[in-house]
> 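For reference, the structure I am asking about is given below.
Quick note: numbers below take in every heavy atom, side chains included, and nothing from hydrogens, waters or symmetry partners. Computed from a predicted model, the values in this text were never measured in an experiment.
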Amino acid sequence: MEHYLDDSDLFKSVSINRPDSNECMLQAICKVKSNIEIEDLKKQIEMIWLNYLRYSEFEDHEIIADEKVIKLSFVTIASGLGVIGEILCEY
């Protein structure tokens, strides 16, 4: 996850956390570069999720945005292995 987010050139920094929670097993916190527009970031983060990060068997996601944070919440499953998490993009 960190590789694809970091290579996107959207963020100043990317950190990955593993919260001790049944509702969020994996969390990426990304600091957005100042020249990135909110609508462009929403499109790009969804493209990264769909093309590189999700498992192919099943996925569902939701993007919620305000002026300071864009959050992509996700669940993805493959062969009995599932992950629930979020990608937080902070301005």
> Under a 4.5 Å cut-off applied to non-hydrogen side-chain atoms, are Ser8 and Gln44 in contact?
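Of all side-chain heavy-atom pairs linking Gln44 with Ser8, none is under 4.5 Å.
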> Is there a side-chain contact between Glu46 and His61 in this structure, where contact means two heavy atoms from C-beta onward sitting under 4.5 Å apart?
yes
> Cluster question for you: counting only ILVMFWY and a side-chain heavy-atom cut-off of under 4.5 Å, with indirect links fine, are Leu72 and Ile84 together?
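In one cluster: no.
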> Are the side chain of Ser73 and the backbone N or O of Glu62 linked by a donor-acceptor pair below 3.5 Å?
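Checking the backbone N and O of Glu62 against the side chain of Ser73, no donor-acceptor pair under 3.5 Å is found.
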> Would you indicate whether Asn51, at its atom CG, is surrounded by more than 12 heavy atoms from other residues, nucleotides or ligands within a distance under 6.0 Å?
yes
> Looking at every non-hydrogen atom in both residues, tell me the closest pair between Phe11 and Ile45 and how far apart they are.
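Nearest heavy atoms, Phe11 then Ile45: CZ-CD1, 3.9 Å.
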> Remaining members of Val69's ILVMFWY cluster at a side-chain heavy-atom cut-off under 4.5 Å?
Ile29, Leu88
> Taking the side chain as every heavy atom from C-beta outward, state whether Ile87 and Met1 have any atom pair closer than 4.5 Å.
yes
> Side chain to side chain donor-acceptor pair (under 3.5 Å) with Glu86: which residues, sequence neighbours excluded?
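With neighbours one apart ignored, the set is Gln27.
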> Please report the interatomic distance CD1(Ile16) to NE2(His3), rounded to the nearest 0.5 Å.
12.5 Å
> How long is the span from the CG atom in Leu81 to the CD atom in Glu57, to the nearest 0.5 Å?
10.0 Å
> Test of understanding: with ring pair (Phe, Tyr, Trp, His ring centres under 6.0 Å), list the residues that count as partners of Phe74, not counting sequence neighbours.
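Phe74 satisfies ring pair (Phe, Tyr, Trp, His ring centres under 6.0 Å) with Trp49 only.
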> My understanding is that only residues two or more places apart in sequence, or in another chain, count here; which of them pass side-chain contact (heavy atoms from CB on, under 4.5 Å) with Tyr4?
Ile48, Tyr52, Leu53
> Among the clusters formed by ILVMFWY side chains lying less than 4.5 Å apart, do Met47 and Ile70 turn up in the same one?
yes
> If I take atom OG from residue Ser56 and atom CZ from residue Phe58, how far apart are they, to the nearest 0.5 angstrom?
12.5 Å
> Within a 6.0 Å radius of atom CG on Asn35, are there more than 12 heavy atoms belonging to other residues, nucleotides or ligands?
yes
> What about Val83 and Ile63, same hydrophobic cluster or not, with Ile/Leu/Val/Met/Phe/Trp/Tyr joined at side-chain heavy-atom distances under 4.5 Å?
yes
> Output all residues satisfying side-chain contact (heavy atoms from CB on, under 4.5 Å) with Lys12, sequence neighbours left out; order by chain, then residue number.
Lys31, Lys33
> Mind checking what makes salt bridge (charged side-chain N to carboxylate O under 4.0 Å, His left out) contact with Glu39, not counting sequence neighbours?
Lys42
> Does any part of the side chain of Val32, heavy atoms only, come nearer than 4.5 Å to the side chain of Leu10, both counted from C-beta?
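They are not in side-chain contact.
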> Same hydrophobic cluster for Leu5 and Ile64, using side-chain heavy-atom links shorter than 4.5 Å among ILVMFWY?
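No, separate clusters.
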> Looking only at atom types and distance, does a side-chain atom of Asp66 sit under 3.5 Å from a main-chain N or O of Lys68, one as donor and one as acceptor?
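Yes, because the side chain of Asp66 sits within donor-acceptor range (under 3.5 Å) of the backbone of Lys68.
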> Can you see which heavy atom on Cys24 is nearest to which on Gly85, and at what distance?
SG-CA, 4.0 Å
